[in-house]
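Notes follow once the structure below has been shown.
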Amino acid sequence: MTPVIKWVFILVLAAVTAVTIITIMINQMETERMPEDEKLNQITSAGHLMAPYNSSIMAAKPWESTHRLSPYIRPQQYFINLYPNLEQGSFVGSVDITITLDTAQSYIKLHSKGLNIKETKLNSNSVTAFSYPEHEFWVVVPNEELSAGEYKLQLLFEGSLLNKIVGFYRSVYSDSKSHEQRYIATSKFEPTYARLAFPCFDEPQLKSKFKISLTRPSGNNYIALSNMNQESEELNVPTNGLTTVHFANTVPMSTYLACFIVCDFQSLESVKADQGFPLTVYARSGQSENMKYAQQVGLKAINFYVKYFGIEYPLPKLDLIAIPDFVSGAMEHWGLVTFRETSVLYKEGISSSSNQEQVALTVAHELAHMWFGNLATMKWWNDLWLNEGFASYMEFKALEVVHPDWDVDTLFLIHSLQSVQYLDNKLSSHAIVQDVSHPDQITEIFDVISYDKGSSVIRMLEGMLGEEVFRMGVSAYLKRFAFNNAETDDLWAELKTATQNTVDVKKVMDTWTRQAGFPVVSAIRNGTKLTLKQQRFLSNPNTNSSPDSSPYNYKWEIPITYTTSNNNTVHKFWLTKDEDSITVDIPDAEWIKLNHRQVGYYIINYSESDWGLLNNLLEKNVDALSAADRSNLIHDAFSLAKANYLPYGIALNMTKYLSLEHHYVPWDVASTNLNTLRHYLFQRAAHKNLEKYVQHLLGSIKEDFWNDSTDRNFLQRKLRGVILNMGCLYGLPSYQTKVYELFKRFLDDKVQPHPDIRYTVYYYGMSKGNESEWNRLWDLFLNEQEPQEKIKLMVALTASKETSILTRLLQNAKNESYVRSQDYFIIISQISRNPVGTQLVWDFLRDEWQYLVDRFSLNDRGFGKLIPSVCSQFNTHERLQEMKVFFDKYPEAGAGKAGRKTALEVVSNNIKWLESHEAVISNWLINSI
């Protein structure tokens, strides 16, 4: 037994007309769940002797057969009462669950993890109940079979708020004035973490209403927040200094959308949405003013969604709150949306244009979930993309309204489409819709396939159907499945109806959602004839996938679009999965550009002569094609060259026009692809030639990007950041001199660089700095209170060229008083990207793997992504063998299972890439400098 600890246990019994608060003394039980046979011994020795009925159920152990709950046991209403003890870091609570049994049941299983359940009753009667931790179940076995009907399940429990940032947990921050440590209790339940806060039926299709009561400290400006509006509050026994807050009953919703917060945060004055409900923002002391921008974005976004979907927001209020410790970017709890501080706080003079972009997109994303995900929810996690893919697309549609000058549709390409294709071109990729059951598998699919490929194919679908038909179908889907659950096919059915049955949406979209990867379409012109042929695009085409592993033999229903030199008309036709090739007549034109604005989720490979024509076009008239089409050509050319479909010289030729390029997005795409070459060629002979080539490109630009002009618009400010970062990365002498000068001014004279170049100055300045300067930067990092500034300083600390400093940083980062758990994997990955730190981090991971598993668990999503992040630059057989040995030593990967497969494939491809391309690229660079 652990030491006996006496503490206050507040049990709040909710009733229609009155609430009684009972304070009792309890002893803390062992935090580890006792073995099943020992638990049963305690049950029988306590006098609750099991009848033969119980014994037969216990012997059969039917709850071992599946991770899933019974579909015939449905919660209707939760009454939840929680008291988080902020000082002790613990909580106690009760939950009464009204359940309906559709058929007779011999036992009831629900979810519980990490909770010490003190008492379980069914209709106020004692029952046999125990934990089955393998499936995270709490199993209730009645004394006799339960007939169909309604029952009330009652549980008392306690748990810890410490050493986690999922479930119900404690977040810590320093007061902006007194600098004393302050505590709040907050929650994050998606996907399978509500069971860490209260026993529940923790599956998305088991929707219920929630009547929530939270007990908070009475003083020190503490407030309690939940999904719904506060109905009442009452002072408990006056001497215990506690107040219980009661919230209105929720609409039917999934467990992962519930939210409990007790904090001492401040709020700005609410603003009213067009519908009339208040939108309120909350943040810790000193940060509430920095929520103004998020509030403005939220107001415009929510008003847009109400009009676009034709469905009113169904709750009486909407709160946005910045949480100091938060594992994700944000979470769409219905009525109370929680954010990582860096994803929602915006402060003029501190926040960069990239910070502003992140805040706007994150807010718009989470509010789209109020409909997609919250109102209409996927039945099971295999259709997660219905939530995340749609929210990831709708955020851009909302942003077009919030910031019409941002060229949002072009930004989409680098945020979503192009970035996900770098993963989706691997054999280790997976379909958008995939079967999952274990919590680790569920956590693992919160990846770029669900979010970014999902949003990309939705954008393509809208392009096929037209904006209004698409809107009508989406609106009909949401109305049909409001407060209910749906599957992917349900959406296709509504969209097909919206087309008046002219498009078999399911037939088309199944080829994009139910098989991995995407096609490359070869386009060969012969006079006025254009012949197109498709095949799966793989980063290593020599490792062909078996057609048997796809129900569609890796063929797709492809909506082809094109424009020509003759006019701006967008021509459209289909290349279907059943056709080996298709030949169409096109007007006689100087050039043809397929996949207009890269709306299609595929790659085009032209003939070498057509690539040459497009390259010449950009060198003569940079604005002959849109920025979206220019970035598309660069992306496709480098993707094809990397995979041996196209000579690298053709891809590199596409960069020659860049000194004329004035739009941020094509520059960003070029920078991404040139940086990939830089990583491949690092410390090899061709590396210096690549540096010289990029220096020449940048040296041809006439604009002085070091000038802090206030005349730049958003996209010009973003472009400035890319150009200056490239100049420093590739060692342009004038840039290196300037960046170190600004870095010294910052350290010595406290003159902060412009927010848009601050990251560049801090990082590349520190890369030239010494140990004394690193120590000063470390102190500034520790004392910084602005979250976005703190992240910039943290990343800059990883730029040192001294192995001793990076080794110290690796150890310091373990200390949560230095680096929050939410930022830990960021700093580890950043150290690994520093060539001096790559070996250090790889050794660290192998030496301290058990420490990482014990601290984060294999279920942690960020931990699962660490291996592919750290290993992505490896390019030797020795490294590949080290990875295999390491994976054999620690075969359990949890949420990192797919990441390990990707990492092995990436490193194998890196090795082959050098063998195939190094000499060719080296020769091209020599001839182009």
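Side chains included, hydrogens not; waters and symmetry mates left out as well; all remaining heavy atoms used.
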(request) Using distance alone, with no hydrogens and no angle criterion, decide if T488 and D383 have a side-chain donor and acceptor under 3.5 Å apart. (result) yes
(request) Please identify each residue that fulfils ring-ring contact (aromatic ring centres under 6.0 Å, His included) with W371, with sequence neighbours left out. (result) Y305, F309
(request) Keeping the roles fixed (side chain from N653, backbone from G649), state whether a donor-acceptor pair exists under 3.5 Å. (result) yes
(request) Compare every heavy atom of E905 with every heavy atom of S539, then report the nearest pair and how far apart it is. (result) OG-OE2, 4.4 Å
(message) Checking the side chain of S392 only, and the main-chain atoms of E388 only, is there a donor and an acceptor separated by less than 3.5 Å?
(response) yes
(message) For a quick test of reading the model, state the closest non-hydrogen atom pair linking S872 to N910 and the distance between them.
(response) O-ND2, 2.9 Å
(message) I'd like to check the ring-ring contact (aromatic ring centres under 6.0 Å, His included) partners of W492; sequence neighbours left out, ordered by chain and number.
(response) W385
(request) Consider only side-chain N and O atoms of Q358 and S343, and report whether a donor and an acceptor are under 3.5 Å apart. (result) yes
(message) Among residues at least two apart in sequence or on other chains, which ones pass side chain to side chain contact (heavy atoms under 4.5 Å, CB included) with V599?
(response) R459, R597
(request) Evaluate the criterion salt bridge (Lys or Arg N to Asp or Glu O under 4.0 Å) for residue pair K496 and D489; output intermediate values, then yes/no. (result) CA-CA 10 Å; K496 181 182 180 182; D489 284 356; over 6 Å; no
(message) Can you tell me which residue among L677, N875, N644, N540 is in a side-chain contact (heavy atoms from CB on, under 4.5 Å) with W913?
(response) L677
(message) Has S475 got a side-chain atom pairing as donor or acceptor with M472's backbone, closer than 3.5 angstrom?
(response) no
(message) I need the single residue from V520, I603, L594 that forms a side-chain contact (heavy atoms from CB on, under 4.5 Å) with D636. Which is it?
(response) I603
(message) For the residue pair H662 / Q716, report whether a side-chain donor-acceptor contact shorter than 3.5 Å exists.
(response) no
(request) Would you check if there is a donor-acceptor pair between the side chains of S626 and D629 at a distance under 3.5 Å? (result) yes
(request) Could you check R720, K718, R717 and say which one makes a salt bridge (charged side-chain N to carboxylate O under 4.0 Å, His left out) with D756? (result) R717
(message) Is the ring pair W611/Y606 parallel, tilted or perpendicular, if the boundaries are 30 and 60 degrees?
(response) perpendicular
(message) Going by the rule ring-ring contact (aromatic ring centres under 6.0 Å, His included), which residues pair with Y562 if we only count those two or more places apart in sequence or in a different chain?
(response) H571
(request) Could you pull out all residues at least two apart from Y477 that satisfy ring-ring contact (aromatic ring centres under 6.0 Å, His included)? (result) F372, F481
(request) Flag the pair P559 / W574 as yes when at least one side-chain heavy-atom distance between them is below 4.5 Å, and no otherwise. (result) yes
(request) Answer with yes or no whether the side chains of E332 and H365 bring together a donor and an acceptor at under 3.5 Å. (result) no
(message) Any donor-acceptor pair under 3.5 Å linking the side-chain atoms of S550 with those of N553?
(response) no
(message) Under a 3.5 Å threshold, yes or no: a donor from one side chain and an acceptor from the other, between S416 and S456?
(response) no
(message) For the backbone of L413 and the side chain of Q598, can you confirm whether one donor and one acceptor N or O come within less than 3.5 Å of each other?
(response) no
(request) State, without any angle test, whether S869 and S829 hold a side-chain donor-acceptor pair at a distance under 3.5 Å. (result) yes
(request) I would like to know whether S352 and E357 meet side chain to side chain contact (heavy atoms under 4.5 Å, CB included); could you show each step before the answer? (result) CA-CA 9 Å; S352 66; E357 183 180 22; over 6 Å; no
(request) Determine whether the side chains of N595 and Y601 contain a donor N or O and an acceptor N or O closer than 3.5 Å. (result) no
(message) Quick one about N632 and H596 (side-chain donor to acceptor, distance below 3.5 Å, no hydrogens or angles considered), yes or no?
(response) no
(request) Dump the intermediate steps for side chain to side chain contact (heavy atoms under 4.5 Å, CB included) on L538 and L427, then the final yes or no. (result) CA-CA 7 Å; L538 287 168; L427 272 177; 4.2 Å; yes
(message) Can a side-chain donor-acceptor contact be found between E557 and T576 if the only test is distance below 3.5 angstrom?
(response) no
(request) Decide yes or no for Y422 and T672: does some side-chain heavy atom of the first lie under 4.5 Å from some side-chain heavy atom of the second? (result) yes
(request) Could you tell me whether Y664 and F714 have their ring centroids closer than 6.0 angstrom? (result) no
(request) Give, for atom CD of E462 and atom CD of E467, the distance between the pair rounded to the nearest 0.5 Å. (result) 5.0 Å
(message) Under the rule for side chain to side chain contact (heavy atoms under 4.5 Å, CB included), what residues qualify as partners of H663, not counting sequence neighbours?
(response) D407, T410, A627, R630, E661, V665, P666, L715
(request) Decide yes or no on side chain to side chain contact (heavy atoms under 4.5 Å, CB included) for S631 and Q418, but give the supporting numbers first. (result) CA-CA 10 Å; S631 73; Q418 293 175 1; 3.7 Å; yes
(request) Answer yes if the ring centres of H415 and F396 are under 6.0 angstrom apart, and no otherwise. (result) yes
(message) Nearest 0.5 Å, please: how far is OG in S581 from CD1 in I524?
(response) 11.5 Å
(request) Let me see the working for W406 and N713 under side chain to side chain contact (heavy atoms under 4.5 Å, CB included), right down to the final yes or no. (result) CA-CA 9 Å; W406 280 14; N713 62 29; over 6 Å; no
